[in-house]
Q: 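Pasting a structure here, questions to come.
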Number of protein chains: 4
Amino acid sequence: MAAQLAFASDYMEGAHPAILKKLAETNLIKSAGYGLDEYSETAREKIRKACNAPEAEVHFLVGGTQTNATVIGALLASCQGVIAAETGHVSSHEAGAIEAGGHKVLTIPQTDGKISAEKVEEVLNTFKEDGNRDHMVMPGMVYISQPTEYGTLYNRQELEALSKVCRSNGIPLYLDGARLAYALACSANDVTLEDIAACCDAFYIGGTKCGALFGEAVVFPKPGLIPHFFTIVKQHGALLAKGRILGIQFDVLFENDLYEHIGEPAIAAADKIREGLKENGIELYLDAPTNQVFCVVDNAFMEKLAQKVEFSFWEKKDETHTVIRFATSWATTMEDVDELIKLIKQINE
Amino acid sequence: MAAQLAFASDYMEGAHPAILKKLAETNLIKSAGYGLDEYSETAREKIRKACNAPEAEVHFLVGGTQTNATVIGALLASCQGVIAAETGHVSSHEAGAIEAGGHKVLTIPQTDGKISAEKVEEVLNTFKEDGNRDHMVMPGMVYISQPTEYGTLYNRQELEALSKVCRSNGIPLYLDGARLAYALACSANDVTLEDIAACCDAFYIGGTKCGALFGEAVVFPKPGLIPHFFTIVKQHGALLAKGRILGIQFDVLFENDLYEHIGEPAIAAADKIREGLKENGIELYLDAPTNQVFCVVDNAFMEKLAQKVEFSFWEKKDETHTVIRFATSWATTMEDVDELIKLIKQINE
Amino acid sequence: MAAQLAFASDYMEGAHPAILKKLAETNLIKSAGYGLDEYSETAREKIRKACNAPEAEVHFLVGGTQTNATVIGALLASCQGVIAAETGHVSSHEAGAIEAGGHKVLTIPQTDGKISAEKVEEVLNTFKEDGNRDHMVMPGMVYISQPTEYGTLYNRQELEALSKVCRSNGIPLYLDGARLAYALACSANDVTLEDIAACCDAFYIGGTKCGALFGEAVVFPKPGLIPHFFTIVKQHGALLAKGRILGIQFDVLFENDLYEHIGEPAIAAADKIREGLKENGIELYLDAPTNQVFCVVDNAFMEKLAQKVEFSFWEKKDETHTVIRFATSWATTMEDVDELIKLIKQINE
Amino acid sequence: MAAQLAFASDYMEGAHPAILKKLAETNLIKSAGYGLDEYSETAREKIRKACNAPEAEVHFLVGGTQTNATVIGALLASCQGVIAAETGHVSSHEAGAIEAGGHKVLTIPQTDGKISAEKVEEVLNTFKEDGNRDHMVMPGMVYISQPTEYGTLYNRQELEALSKVCRSNGIPLYLDGARLAYALACSANDVTLEDIAACCDAFYIGGTKCGALFGEAVVFPKPGLIPHFFTIVKQHGALLAKGRILGIQFDVLFENDLYEHIGEPAIAAADKIREGLKENGIELYLDAPTNQVFCVVDNAFMEKLAQKVEFSFWEKKDETHTVIRFATSWATTMEDVDELIKLIKQINE
């Protein structure tokens with residue numbers, strides 16, 4: 001493994017060094033458990049400021065699937081389901097965690113990983129007009145991810161349109177920001193944390209894939225959206241006893257706007273990979289500006305590349321071609337990127 | 001908070017320094033996610049050796065409630081419940097996590113936090129003989145904790161007796177080792193990791209309260225007990241993306257028998273507190289040899305103490321007396337213990 | 001079986017003849033499904049009148065366990081549990097249906113099958129004052145049964161006291177009326193349907209044990225208590241396609257106050273059995289005025305009786321004595337009762 | 001409502017007169033509860049014979065959604081889902097009952113309501129080869145309905161092919177026979193009860209839509225497939241206290257092959273409607289031989305028809321056309337059919 005170039009995912013390293021440093025500095029200080037410590041409180045306050053949401057309720061959970069299952073389970077009534085893109089993380093890659101909590105994922109078609117306000121509205125209207133609606137799962141919320149599972153971004157207009165449809169229908173909009181730092185660091189992005197807090201009823205700011213050892217910060221811009229959320233988190237096994245470990249990490253990530261910049265090396269690296277692929281005549285699978293690069297390669301090329309590089313098999317394109325993914329992270333080095341492009345060039349020749 | 005002596009719990013500090021050191025050393029090395037990395041594999045191998053269970057299946061989860069909910073949910077059939085002491089952690093302090101997974105906790109009486117093989121057998125026999133048994137929740141496994149929630153220990157004979165009853169009835173015995181290091185470090189203890197692996201069908205070795213930042217190692221001495229446990233862990237939101245963080249911590253904890261010794265300062269500290277209480281005429285609530293000290297104090301004393309010391313309120317004894325708990329940890333210093341005893345003496349005078 | 005005297009339960013016969021008659025008369029009339037038919041509507045209206053609750057929402061479900069699981073699951077938030085007597089039907093004889101829906105049954109001590117307002121208040125206050133309450137299951141409603149599982153009755157004062165405690169704590173009071181007709185037919189009873197509708201937030205009027213083929217009528221005196229209850233009923237598998245079958249049965253049961261009188265033969269029969277037992281020196285286990293008769297017999301007597309009579313084994317009293325139950329129903333004949341008493345006398349001699 | 005021709009569903013009437021007769025005859029006979037009575041036993045024996053499955057385990061449940069939720073929940077491991085057609089009843093019209101039980105419905109494309117062995121095999125193989133499969137819901141069983149929700153039939157070859165794929169992959173095949181009598185009564189059908197018992201691991205014989213007041217008979221051709229199924233049924237609220245009511249109904253339905261013939265009037269009626277539609281130039285939506293008739297009508301026609309006839313709106317075809325459904329039942333009269341066709345002709349002119 002050591003000899004390989006690793007672009008398989010964005011959670012292959014540990015944490016940003018500043019996090020490890022602060023963990024070490026504070027290690028023997030005693031503090032209260034379950035997020036009631038001073039680090040967690042400072043982190044929450046910084047997040048509120050970054051989101052311009054001074055009243056926001058902020059909770060720290062451990063991982064993404066857990067966060068999605070806990071928030072979605074808490075937002076939905078028992079007879080409701082969550083609208084999501086067919087390619088949404090909750091739709092297929094969470095081992096049925098949403099269903100295990102009793103709720104159906106109501107998948108709708110997507111384009112480049114995104115769902116549109118129009119389609120959501122159509123689904124809501126179709127449900128309302130269906131004579132059988134009382135025998136069906138009621139759409140109770142909308143789930144989106146930013147960036148999406150395909151690395152694409154909702155722009156502000158799209159996000160506002162989704163927000164408007166949700167609010168006029170009285171259902172919450174929830175945004176999964178597992179890779180949010182890679183959206184914020186991207187020049188093509190026009191959606192700020194503040195926009196997200198204004199448009200969404202709940203969202204989470206990803207730590208695991210964005211420089212933390214682990215951890216996700218759930219934000220409810222308007223407090224009290226979910227009564228007893230602390231207990232619900234505990235019941236989901238998502239309450240960390242040493243909550244300070246999460247608090248310290250987000251405290252560092254939101255010190256001096258680190259979170260808004262931490263993804264920049266990943267974007268620079270991904271941009272360079274995209275450029276290198278094009279130069280070598282390799283087709284991008286879709287036009288995505290963040291830290292995931294999807295391209296279509298022929299299978300012979302893929303096999304050769306796999307001997308030297310770790311990447312992700314995404315899906316079969318046709319009998320002789322495959323969609324693969326390179327993921328970069330805050331820790332990706334330009335040396336590795338250059339090496340990757342060199343290899344691609346060599347194999348291609 | 002800083003001015004106070006903190007004995008409220010055993011998860012008030014960060015991690016053993018050796019863990020932080022190794023996290024820092026390995027921080028930028030890339031590795032596979034979800035526990036498929038080399039650190040996790042080394043840690044698993046060390047745990048297998050420490051348990052003398054060369055075939056054991058070892059999984060790393062994040063926290064205790066999560067681990068109990070995941071393992072118990074996976075071991076029980078839908079119509080079964082788990083037998084546990086009324087004082088068991090799963091019975092009352094996990095916010096209904098077991099019930100949220102669909103299962104009843106079948107509580108039985110305890111003595112000093114422990115349940116007996118005789119009582120378990122009686123419950124199993126009563127169920128078998130009950131004409132209404134098909135309308136009731138079937139006992140499907142037994143849950144115990146070592147040390148118990150009251151800091152007491154099962155001895156080897158008691159554990160073997162429980163194991164025998166479970167095996168002759170064909171139901172698994174599961175041991176919650178959230179504080180296991182504090183049992184192993186205790187001179188009164190005669191139950192080794194090897195004994196636990198021999199007697200139990202599933203157990204977990206606690207990290208969170210025993211020197212790790214967080215993390216629990218689930219051990220199935222006989223592999224394959226629960227098919228697809230990896231996916232079940234994922235579904236429970238208990239699968240850490242950067243699994244290496246868990247692997248590294250347990251790798252350090254099981255290097256040079258650290259885990260078997262890490263609790264020693266806690267036991268020495270607790271012993272000294274117990275001695276100091278007795279010297280000051282304060283009654284111990286029960287005779288427990290591990291890192292939790294329960295004593296009965298009058299309410300006036302308690303209020304004075306609370307001005308200088310953090311401890312846990314446990315339960316009202318009578319109108320004028322209260323049971324309180326002091327918890328020590330691997331990181332507790334003798335200076336703090338001496339200071340505590342001095343304070344107790346002062347208040348008592 | 002035919003040769004035996006059958007006092008094993010109150011659901012051993014079919015339905016009151018008037019029900020069969022109406023089912024036959026209406027059999028080929030076509031009507032809408034799922035309770036949207038005219039018979040169901042008429043039945044609902046009659047129930048509203050009988051309860052003096054003109055706004056009440058009335059739903060017809062099939063059976064008791066199903067009704068309890070559906071109503072309780074719908075009333076509780078995910079982190080809440082239901083307070084019930086240790087002897088409550090939901091506590092032990094519903095195969096874990098409440099837990100399967102994700103909720104803990106918070107059992108409290110009972111006297112003769114009843115719980116007191118004082119005890120409920122104490123539990124609610126203890127919870128509120130517990131520093132660990134956010135890690136525990138929150139009491140979210142109270143479950144009682146009338147008559148209780150021991151055939152006893154809450155009087156109006158006791159019911160009002162429970163109602164007051166629930167309302168001042170903002171949690172619903174739910175009454176399981178599986179055998180309600182046997183309370184209403186009882187001279188010792190001072191609680192009317194109207195009282196129940198005034199004191200409870202939800203209750204069900206039992207059909208299965210009270211003259212119907214099957215069926216229970218759930219009443220929410222204030223409509224809208226549970227949004228989308230129709231869909232929740234469907235999701236629980238509790239929505240009968242041919243809802244008219246339920247509607248017709250309750251329409252008959254609430255025609256000319258039949259429901260308030262249908263239990264009278266059962267009470268007369270039970271009273272006579274109680275008298276006969278006393279005359280033969282057999283101790284009643286408790287003083288209950290409804291259709292269940294609990295008595296303590298020596299084991300030799302029990303074995304002889306069992307050769308001729310079907311009754312229920314209830315529990316072991318001591319090594320040589322057993323608590324047994326005789327249940328009567330709306331269909332019990334005095335001939336059978338006389339025969340039973342004759343037999344008891346013979347065996348006793 | 002009375003003035004209308006009712007073709008809205010196949011559960012608009014009560015029961016076959018022979019059922020009411022037997023219910024009346026046996027009404028006051030006392031019998032054991034929960035399906036332990038002699039009528040249930042006789043009915044089970046008759047069903048075993050009709051299926052040529054002498055060892056089969058037979059259970060009587062109340063309704064279809066309940067039966068599907070109970071059987072599917074019991075057959076799947078927690079990390080598994082059920083493969084079903086997008087149009088399967090469990091996929092959309094059961095209010096999320098399968099998901100409420102914790103399981104995902106893995107929908108696959110259908111043709112005329114049917115899924116093919118090839119498609120199922122492809123899905124199973126794709127799952128096996130997916131590198132992410134441990135993060136996804138594992139296909140754990142296959143659900144089909146006979147007739148399908150579109151009134152079409154699997155032929156024997158198709159059923160055997162599905163069975164073979166399931167068995168070679170070690171997963172059960174489950175058949176929902178809510179309308180099974182209408183398949184068996186159909187001349188186009190070549191699949192017998194015996195074939196179903198040979199091909200499926202579990203199936204249910206529908207009563208509610210096929211002449212009973214309510215009730216479905218679950219058959220496990222090989223006994224013991226689901227340990228403790230009785231208790232699981234109870235836990236799902238699906239165990240009828242007066243189980244005899246179900247037993248008596250199926251006892252009548254399986255007396256003298258009634259079940260295999262009871263659907264014949266429905267098929268004759270549906271055939272005549274299909275003929276009448278064609279004669280009036282109205283396009284059938286699909287070619288289905290059972291008791292449901294789907295046709296495409298223009299919206300003006302639909303509105304006029306709706307003034308005199310109850311039918312089901314199925315789906316919008318285009319801006320000016322709609323798919324509607326006429327359902328016939330064992331109780332449909334030719335007079336009503338003739339009247340319907342006359343009306344169609346009148347409106348059409």
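Order of the sequence lines fixes the chain letters, A, B, ..., with proteins taken first and strands second; residue numbering starts at 1 for each chain.
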Q: Side chain from CB out, backbone as N, CA, C, O: work out which of these in A8(C) comes under 4.5 Å of a heavy atom of chain D, or both, or neither.
A: neither

Q: Rounded to the nearest 0.5 Å, what's the gap from NZ on K209(C) to CD on E216(C)? Could you check?
A: 8.0 Å

Q: Only counting residues at least two apart or in another chain, list the ones meeting side-chain hydrogen bond (donor to acceptor under 3.5 Å, both in side chains) with H59(C).
A: E57(C)

Q: Measure across A6(C) and M12(C) and return the closest heavy-atom pair with its distance rounded to 0.1 Å.
A: CB-CE, 3.7 Å

Q: Quick one: which of N68(D), T67(D), T65(D) has the most heavy-atom pairs under 4.5 Å with chain C, could you say?
A: T65(D)

Q: Between chain D and each of P17(C), A238(C), A97(C), A15(C), count heavy-atom pairs under 4.5 Å; write down the option with the most.
A: A15(C)

Q: Take C210(D) and W330(D), measure what side-chain contact (heavy atoms from CB on, under 4.5 Å) needs, and give me the verdict at the end.
A: CA-CA 7 Å; C210(D) 303; W330(D) 58 274; 5.8 Å; no

Q: Give, as side chain, backbone, both or neither, the part of A178(C) having an atom under 4.5 angstrom from any heavy atom of chain D.
A: neither

Q: Can you name the closest pair of heavy atoms from G151(D) and T290(D) and give their distance?
A: O-OG1, 2.6 Å

Q: Using heavy-atom distances under 4.5 Å, tell me whether H93(C) contacts chain D through its side chain, its backbone, both, or neither.
A: backbone

Q: Is a salt bridge present between R44(D) and E41(D), judged by a nitrogen-to-oxygen distance below 4.0 Å?
A: yes

Q: Name, in order of residue number, those residues of residues 239-252 of chain D that have a heavy atom at a distance of less than 4.5 Å from a heavy atom in chain C; otherwise write 'none'.
A: L240(D), A241(D), K242(D), R244(D), I245(D)

Q: How far apart are the closest heavy atoms of Q146(C) and A183(C), and which atoms are they?
A: CG-CB, 4.3 Å

Q: If the test is side chain to side chain donor-acceptor pair (under 3.5 Å), which one of T328(C), T332(C), D338(C) qualifies with K272(C)?
A: D338(C)

Q: Using only non-hydrogen atoms and a strict under-4.5 angstrom cutoff, which residues of residues 70-79 of chain C touch chain D?
A: none

Q: Between G33(D), G63(D), G96(D), which residue shows the highest count of heavy-atom pairs closer than 4.5 Å to chain C?
A: G96(D)

Q: Taking every non-hydrogen pair under 4.5 Å, which of I98(D), L28(D), T231(D) racks up the most with chain C?
A: L28(D)

Q: Please step through side-chain contact (heavy atoms from CB on, under 4.5 Å) for the pair E99(C) and V105(C), ending with a clear verdict.
A: CA-CA 7 Å; E99(C) 292 84 2; V105(C) 180; 3.5 Å; yes

Q: Tell me which of these, K234(C), Q235(C), Q66(C), has more heavy-atom pairs under 4.5 Å with chain D than the rest.
A: Q235(C)

Q: Is it the side chain or the backbone of L20(C) that comes within 4.5 Å of chain D heavy atoms, both, or neither?
A: side chain

Q: Counting only heavy atoms closer than 4.5 Å, note whether A69(D) contacts chain C via side chain, backbone, both or neither.
A: neither

Q: With chain D as the partner, which of T26(C), N27(C), L23(C), L61(C) has the greatest number of non-hydrogen pairs under 4.5 Å?
A: N27(C)

Q: Would you call L180(C) and Y259(C) a side-chain contact if the rule is heavy atoms closer than 4.5 Å?
A: yes

Q: If you look at every heavy atom in A266(C) and Y182(C), which pair is closest and at what distance?
A: CB-CE2, 3.3 Å

Q: What's the spacing between D176(D) CG and Y174(D) OH if we round to 0.5 Å?
A: 5.5 Å

Q: Output the distance between atom CD (E94(D)) and atom NE2 (H89(D)), rounded to the nearest 0.5 Å.
A: 5.5 Å

Q: Could you give all pairs that pass the side chain to side chain donor-acceptor pair (under 3.5 Å) test and reach residues 9-20 of chain C, with sequence neighbours left out?
A: D10(C)-R179(C), D10(C)-N291(C), Y11(C)-Y34(D), E13(C)-S329(C), E13(C)-K30(D)

Q: Within the structure provided, determine whether I29(D) and Y39(D) are in side-chain contact (heavy-atom separation under 4.5 Å).
A: yes

